[in-house]
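Counting starts at 1 for both ligands and their atoms, following the listed order. Predicted model only: the values in this text are computed from it and were never measured.
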Amino acid sequence: MVPRMQDRAWAQGQDKFLADRHQARGANCAACHRENPPKDVASSEACITCHGNMGKVAAKTVDAKPINPHDSHLGEIACDQCHKGHKASVNACAQCHPFELKVP
Ligand code: HEC
Ligand code: HEC
Ligand code: HEC
Ligand code: HEC
């Protein structure tokens with residue numbers, strides 16, 4: 001049996017980035033990219049279509065330590081300020097605050 005692309009990615013440990021994990025769950029490029037070919041940023045609108053807006057995800061991460069990343073004075077900032085698709089995600093709060101957040 002010929003392994004599927006996504007199985008090979010899992011096997012080779014290339015599923016570590018958010019886009020790979022989404023593809024493994026059946027989300028294609030267009031699920032996150034509204035433009036073809038994809039531009040440098042993903043659309044927050046696309047994320048929101050599946051996950052809901054900042055308020056909705058904030059409700060899911062109320063217990064996040066040390067702080068809820070989705071409920072801050074920055075309000076409705078773009079999801080990809082923190083969640084990167086094809087590289088390590090970043091903690092956008094760290095530009096100004098010392099607290100550490102592990103961003104999936
Ligand atoms: C086609 C629907 C869909 C789109 C579009 C989508 N997601 Fe997801 N996402 C899922 C599903 C399904 C899961 C797995 C179940 C869960 O954790 O909610 C998931 C999981 C996640 C997780 C936690 C699990 C992990 O692997 O890290 C994060 C973080 C996440 N998505 C962020 C995003 C961001 C940011 C975007 C936009 C760039 C996005 N998603 C776009 C469907 C989607
Ligand atoms: C300031 C950085 C930041 C921004 C901006 C951000 N996130 Fe997150 N997100 C995080 C962190 C950190 C976690 C892990 C929280 C935890 O420890 O449970 C997370 C977790 C998630 C999860 C997994 C929640 C679960 O069920 O455990 C989803 C889904 C998600 N984010 C979606 C989004 C979407 C959609 C947006 C844009 C509307 C967004 N995020 C914007 C930092 C961010
Ligand atoms: C879970 C959402 C998600 C999926 C699925 C996804 N991307 Fe992305 N993509 C992003 C995000 C977020 C960025 C912004 C830059 C980054 O995070 O790497 C991005 C950036 C890009 C860029 C510009 C930056 C670069 O790395 O060159 C290209 C090109 C791209 N994606 C292509 C693709 C293709 C092709 C697919 C399907 C095989 C895909 N993306 C699937 C979220 C996604
Ligand atoms: C551009 C800089 C900047 C960024 C980025 C930023 N903050 Fe702030 N934040 C501030 C400033 C300035 C204050 C007000 C001064 C203070 O109380 O330290 C503040 C105050 C706060 C406070 C209240 C502090 C207290 O002791 O009462 C919290 C909580 C907070 N920020 C969380 C966040 C979170 C979560 C993020 C990421 C989603 C974030 N901030 C991103 C600059 C920033």
Side-chain angles (χ1 to χ4, degrees):
M1 196 181 95
V2 181
R4 285 174 304 161
M5 202 54 200
Q6 63 204 51
D7 294 335
R8 285 179 49 200
W10 280 101
Q12 294 168 3
Q14 290 170 355
D15 59 308
K16 58 183 173 171
F17 299 127
L18 194 64
D20 304 311
R21 295 198 295 274
H22 278 75
Q23 282 174 254
R25 285 161 168 143
N28 58 15
C29 315
C32 292
H33 295 284
R34 295 280 157 98
E35 287 156 301
N36 189 4
K39 291 257 172 63
D40 55 340
V41 290
S43 128
S44 288
E45 259 173 65
C47 316
I48 288 166
T49 301
C50 289
H51 291 291
N53 65 5
M54 201 64 96
K56 182 104 184 288
V57 284
K60 280 191 162 181
T61 52
V62 273
D63 296 326
K65 298 280 180 271
I67 197 164
N68 188 344
H70 302 124
D71 179 18
S72 79
H73 57 89
L74 298 185
E76 293 269 343
I77 59 169
C79 308
D80 71 3
Q81 291 271 308
C82 291
H83 296 286
K84 301 298 179 187
H86 313 275
K87 56 194 176 201
S89 291
V90 300
N91 169 11
C93 315
Q95 291 163 38
C96 306
H97 297 287
F99 48 72
E100 284 184 30
L101 289 170
K102 223 173 157 268
V103 186

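- Leu74 and Ile67 fall into different hydrophobic clusters, where Ile, Leu, Val, Met, Phe, Trp and Tyr are joined by side-chain heavy atoms under 4.5 Å apart, directly or via other members.
- Note on ligand 3: Arg21 sits outside its first shell, no heavy atom being nearer than 4.0 Å.
- The shortest separation from a heavy atom of Lys102 to ligand 2 is under 4.0 Å, placing the residue in contact.
- Ligand-side atoms of ligand 3 in range of Asp80: 12 (C), range being under 4.0 angstrom from any heavy atom.
- Taking every heavy atom of Cys96 and a limit of under 4.0 angstrom, the matching atoms of ligand 4 come to 1 (C), 2 (C), 3 (C), 4 (C), 5 (C), 42 (C), 43 (C).
- For atom 6 (C) of ligand 4, the nearest protein heavy atom lies closer than 4.0 Å.
- No donor-acceptor pair under 3.5 Å is formed between the side chain of Asn36 and the backbone N or O of Cys29.
- Under 2.8 Å from atom 8 (Fe) of ligand 2 lies no N/O/S atom of Cys79, from backbone or side chain alike.
- Nearest N/O/S atom of His70 with respect to atom 8 (Fe) of ligand 2 is recorded as NE2.
- The shortest N/O to N/O separation between Pro38 and ligand 3 does not fall below 3.5 Å.
- In summary, the atoms of ligand 4 found under 4.0 Å from a heavy atom of Phe99, numbered by their order in the structure, are 32 (C), 33 (C), 34 (C), 35 (C).
- Residue contact annotation: Ser44 has no non-hydrogen atom under 4.0 Å from ligand 2.
- One N or O on the side chain of Asn68 and one on the backbone of Ala58 form a donor-acceptor pair closer than 3.5 Å.
- Scanning both residues, Gly55 and Glu76, for their nearest heavy atoms gives N-OE2, 4.0 Å.
- Among the atoms of His73, an N, O or S atom falls under 2.8 Å from atom 8 (Fe) of ligand 4.
- Here Cys29 does not reach atom 8 (Fe) of ligand 3: none of its N/O/S atoms is less than 2.8 Å from the metal.
- Numbered from 1 in the order shown, with element, the atoms of ligand 3 that lie under 4.0 Å from a heavy atom of His83 read 12 (C).
- Ring planes of His83 and His70: parallel class, angle under 30° (limits at 30 and 60°).
- Shortest contact from atom 2 (C) of ligand 3 to any protein heavy atom: Cys32 SG, 2.0 Å.
- Ring geometry, His33 versus His86: the interplanar angle falls under 30°, so the pair is classed parallel (tilted spans 30 to 60°).
- Less than 4.0 angstrom separates some heavy atom of Pro69 from each of these atoms of ligand 4: 38 (C).
- In terms of N/O distances under 3.5 Å, ligand 3 is approached by His86.
- For atom 15 (C) of ligand 3, the nearest non-hydrogen atom of the protein is Asp40 O, 3.4 Å.
- The shortest non-hydrogen separation linking Phe17 to Gly85 is CB-O, 3.4 Å.
- Counting the atoms of ligand 2 from 1 in the order shown, those under 4.0 Å from a heavy atom of Ala78 are 5 (C).
- For Ser89 against Pro104, the heavy-atom pair with the smallest separation is OG-O, 3.2 Å.
- Side chains of Leu101 and Cys93 form a contact here, defined as non-hydrogen atoms less than 4.5 Å apart.
- For atom 23 (C) of ligand 2, the nearest protein heavy atom is 4.0 Å or more away.
- Protein heavy atom nearest atom 13 (C) of ligand 2, with residue, atom name and distance: Pro104 CD, 3.4 Å.
- Every atom of ligand 2 with a heavy atom of Lys60 under 4.0 Å away is listed here by number and element: 26 (O).
- The environment of CD in Glu100 is sparse: at most 12 heavy-atom neighbours from other residues, nucleotides or ligands sit within 6.0 Å.
- Summary of contacts: the protein heavy atom closest to atom 27 (O) of ligand 2 is Thr61 CG2, 4.6 Å.
- Within ligand 3, the atoms closer than 4.0 Å to a non-hydrogen atom of Asn28 are 5 (C), numbered from 1 in the order shown.
- Ligand 2 places these atoms under 4.0 Å from at least one heavy atom of Ile77: 5 (C).
- Residue nearest to atom 41 (C) of ligand 4, selected from Leu101, Asn68, Leu74, Asn91: Leu74 (by heavy-atom distance).
- Close approach to His22 involves these atoms of ligand 3, each under 4.0 Å from a residue heavy atom: 1 (C).
- Closer than 4.0 Å to atom 18 (O) of ligand 3 lies at least one heavy atom of the protein.
- Less than 4.0 angstrom separates some heavy atom of His51 from each of these atoms of ligand 2: 29 (C), 35 (C).
- Proximity of Ser89 to ligand 2 is not established, as no heavy-atom distance is less than 4.0 Å.
- The residue among Cys93, Cys82, Gly75 with a heavy atom at the shortest distance from atom 37 (C) of ligand 4 is Cys93.
- Annotation for ligand 3: atoms under 4.0 Å from non-hydrogen atoms of Gly85 are 10 (C), 11 (C), 12 (C), 16 (C), 17 (O), 18 (O), 42 (C).
- For a threshold of 3.5 Å applied to N or O pairs, the pair formed by Gln81 and ligand 2 contains no separation below that value.
- In plain terms, the two heavy atoms of Lys84 and Leu18 that are nearest each other are O-CB, 3.3 Å.
- Below 3.5 Å of separation, one finds an N or O of His33 facing an N or O of ligand 3.
- Contact atoms of ligand 2 toward Val57: 32 (C) (distance under 4.0 Å to a heavy atom of the residue).
- Here the closest heavy-atom approach between residue Met54 and residue Gly75 is recorded as CE-O, 3.7 Å.
- Across all non-hydrogen atoms, the minimal contact from Thr61 to Pro69 is OG1-CD, 4.2 Å.
- Nearest N/O/S atom of His97 with respect to atom 8 (Fe) of ligand 4 is recorded as NE2.
- For atom 9 (N) of ligand 2, the protein comes within 4.0 Å by at least one heavy atom.
- Set against the non-hydrogen atoms of Ala92, the atoms of ligand 4 under 4.0 Å away are 5 (C).
- For atom 43 (C) of ligand 4, a protein heavy-atom neighbour is present inside the 4.0 Å cut-off.
- The option from Ser72, Ala94, Ala64, Pro66 that lies nearest to atom 35 (C) of ligand 4, judged by heavy atoms, is Ser72.
- Distance check on atom 29 (C) of ligand 4: some protein heavy atom falls below the 4.0 Å cut-off.
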